[in-house]
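Note: hydrogens, waters and symmetry copies are ignored here, and every other heavy atom, side chains too, is used. The chain is numbered in sequence order, starting from 1.
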Amino acid sequence: MNKIKLYFILVLSMVLYGTGVGTSSAWGAPFEVVAPAGFQRFSLQGNSDNFVTLPFFRPAVAYGKVTGIGGNTLAVSGGTAWNADEFVYSAGIQSNTYFVLLTSGQRQGRYFTILGNTEDTLMVDLNDDTLGGISVGDSIAVVPYWTLNTLMPGGKGIHVSTSPLIRKSEILFVNVDGIGINRSASKTFFYYGDSWKQFGQGLANKNDEVLLPDVYFIVRHNISTATSLTLSGEVLNSSWTMPVTVNSVAKQDNFIGLPRPVMTSLNNSGLIESGAFQSSSSPLFRVDELLVFDNAVIGKNRSASATYYHYNGAWRKFGAGLTDVGNLPILGPGVAAIIRKGAYAGDCFWKNEITF
């Protein structure tokens with residue numbers, strides 16, 4: 001797909017879904033890739049939990065090609081000469097946490113948090129993964145994570161609290177490392193004074209708390225007044241790969257926020273093709289389920305609005321008989337989802353290809 005065609009497809013798609021778009025050469029300039037940029041406006045209802053995903057990325061700060069792989073280290077060439085540990089977070093000095101994104105090759109779309117760097121190497125957190133499948137010549141980008149204060153500076157888009165005891169708005173992080181289903185939030189944040197705070201952590205500054213790119217978070221408004229949150233950034237112009245955890249003895253929830261600015265059908269999601277989602281042998285005994293939340297529904301701690309499963313070669317919606325719903329736009333900006341894996345062995349990866 002050429003650059004001009006990609007740009008106009010994105011314009012059309014984003015107009016349809018209420019998103020603005022432009023183009024930027026920053027994302028992939030060294031490799032002749034144009035990165036469209038856009039914005040997305042989320043309406044956040046009062047006295048309700050509002051599910052938010054991250055459709056856009058912060059601009060990459062460095063690019064290169066892999067020249068060597070060993071352990072948890074990638075050697076990189078391509079105009080590097082980085083300062084030692086310039087991609088390492090340091091409170092009060094370096095406010096960003098960075099990840100390396102693989103933008104080509106067999107592991108395209110996978111990302112790893114950077115733990116350290118030299119002038120031409122990146123040491124990464126494998127998080128129970130490996131660097132297997134990465135080849136010399138694969139392209140990479142170094143990208144800063146969104147943080148609370150880069151995404152919502154000064155409490156933008158939410159209600160600023162006037163007291164730590166009366167929190168008008170809260171940001172709930174889902175528990176990505178927990179075991180089982182229906183897990184409670186792992187952290188709660190609010191904006192008070194001149195910075196973000198974490199509930200239970202006093203008045204410590206939490207501006208630099210990292211938001212994972214493929215996990216949703218919840219904006220909980222505790223008063224009746226609604227707000228509007230506008231997010232902007234660069235569009236991922238490649239596949240995206242995320243780990244899906246399986247529990248061998250019980251069901252396991254995986255919290256998903258697909259980092260795309262346009263809606264995606266289940267048929268185009270790649271869930272089945274990548275092996276991240278298993279088909280069921282019966283509608284009554286569903287192995288894997290996809291739970292989706294609807295922001296139009298008002299309330300806190302609410303259940304999923306719809307449950308989908310795959311049976312007999314097609315996607316089905318629980319409660320809607322055996323109608324094929326595979327072509328309906330289900331996943332995308334502002335759509336929080338849970339992949340609820342059945343109890344069996346073997347973690348896997350969901351590879352979502354670009355479809356616009």
Side-chain angles (χ1 to χ4, degrees), residues 49 51 53-54 107 109-112 125-130 132-133 172-187 212-218 239-260 264-294 301-320 322 324-326 328 330-332 335-353:
D49 286 347
F51 297 86
T53 64
L54 299 175
R107 299 293 300 276
R110 189 73 177 95
Y111 73 99
F112 300 90
D125 182 359
L126 294 177
N127 194 24
D128 296 325
D129 196 2
T130 73
L172 280 63
F173 280 14
V174 294
N175 183 4
V176 295
D177 296 320
I179 298 174
I181 64 175
N182 297 320
R183 305 195 297 271
S184 300
S186 60
K187 296 179 181 180
L212 297 177
D214 49 10
V215 176
Y216 68 82
F217 63 92
I218 298 170
S239 60
W240 183 256
T241 305
M242 62 190 81
V244 178
T245 303
V246 180
N247 186 333
S248 62
V249 296
K251 292 184 177 182
Q252 176 73 14
D253 281 350
N254 293 265
F255 304 102
I256 299 299
L258 186 64
R260 301 287 191 193
T264 300
S265 71
L266 293 177
N267 283 344
N268 288 332
S269 68
L271 280 166
I272 293 294
E273 293 77 8
S274 63
F277 200 96
Q278 298 296 313
S279 293
S280 298
S281 58
S282 165
L284 300 178
F285 301 98
R286 298 175 298 279
V287 179
D288 291 348
E289 296 176 307
L290 181 71
L291 286 65
V292 176
F293 296 85
D294 184 357
N301 296 315
R302 61 185 188 270
S303 301
S305 301
T307 299
Y308 300 91
Y309 63 100
H310 197 268
Y311 166 70
N312 197 24
W315 285 96
R316 322 289 181 177
K317 181 180 179 181
F318 177 71
L322 295 182
D324 185 344
V325 297
L328 296 180
I330 301 297
L331 299 171
V335 179
I338 293 175
I339 297 177
R340 178 164 290 175
K341 298 292 290 182
Y344 52 88
D347 291 347
C348 50
F349 289 89
W350 175 19
K351 188 170 187 178
N352 173 258
E353 302 288 355

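For residues 265-283, there are no salt bridge (charged side-chain N to carboxylate O under 4.0 Å, His left out) pairs, not counting sequence neighbours. Identified under the side-chain hydrogen bond (donor to acceptor under 3.5 Å, both in side chains) test for residues 178-187, with sequence neighbours left out: N182-R340, K187-E209.
A pairwise comparison of heavy atoms in G275 and C348 identifies O-SG, 3.7 Å as the closest pair. The nearest pair of heavy atoms linking S265 to G326 is CB-O, 3.3 Å. When all heavy atoms are compared, the tightest approach of T53 to A336 is CG2-N, 4.4 Å.
Partners of N301 according to the side-chain hydrogen bond (donor to acceptor under 3.5 Å, both in side chains) rule, which considers only residues two or more places apart in sequence or in another chain, are R220. Residues forming a side-chain hydrogen bond (donor to acceptor under 3.5 Å, both in side chains) with N247 (at least two apart in sequence, or on another chain): none. Listed by chain and number, the residues in a side chain to side chain contact (heavy atoms under 4.5 Å, CB included) with L126 are N72, F112, V124, L131 (sequence neighbours excluded). The salt bridge (charged side-chain N to carboxylate O under 4.0 Å, His left out) check on D324 picks up nothing, with sequence neighbours excluded. With sequence neighbours left out, the ring-ring contact (aromatic ring centres under 6.0 Å, His included) criterion links F217 to no other residue. Listed by chain and number, the residues in a side-chain hydrogen bond (donor to acceptor under 3.5 Å, both in side chains) with D288 are K341, Y344 (sequence neighbours excluded). Applying the ring-ring contact (aromatic ring centres under 6.0 Å, His included) rule to F51 yields the partners Y216, F293; only residues at least two apart in sequence or on another chain are considered. In this structure, R316 has no salt bridge (charged side-chain N to carboxylate O under 4.0 Å, His left out) partners at least two apart in sequence or on a different chain. Under the side-chain hydrogen bond (donor to acceptor under 3.5 Å, both in side chains) criterion, S239 pairs with Q108, not counting sequence neighbours.
Residues Y111 and W240 bring their aromatic ring centres within 6.0 Å.
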Distance-only donor-acceptor pairs under 3.5 Å for side chains of residues 305-314, two or more places apart:
from : atom 1 : to   : atom 2 : distance (Å)
S305 : OG     : D294 : N      : 3.2
H310 : ND1    : S279 : OG     : 2.6

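The shortest distance between side-chain heavy atoms of D214 and P259 falls below 4.5 Å.
The CG atom of D253 sits 7.0 Å away from atom CG of L291, with the distance rounded to the nearest 0.5 Å. Note: N352 CG to L331 CG = 8.0 Å, rounded to the nearest 0.5 Å. Residue L258 holds its CG atom at 5.5 Å from CE of M242, rounded to the nearest 0.5 Å. In this structure, the separation between CZ on F318 and CZ on R286 is 4.5 Å, given to the nearest 0.5 Å. Put simply, CG on L266 and CD1 on I330 are 5.0 Å apart, with the number rounded to the nearest 0.5 Å. A distance of 11.0 Å separates CG in L290 from CG in N254, rounded to the nearest 0.5 Å.
Proximity of a side-chain donor or acceptor of R110 to a complementary backbone N or O of F349 within less than 3.5 Å is not detected. The backbone N or O of D49 lies less than 3.5 Å from a partner atom in the side chain of R302, making a donor-acceptor pair. Here the side chain of R107 pairs a donor or acceptor atom with the backbone of G132 at under 3.5 angstrom. For W315 (side chain) and L328 (main-chain N/O), no donor-acceptor pair under 3.5 Å exists by modelled atom type.
The number of heavy atoms from other shown groups lying within 6.0 Å of NZ (K317) does not exceed 12.
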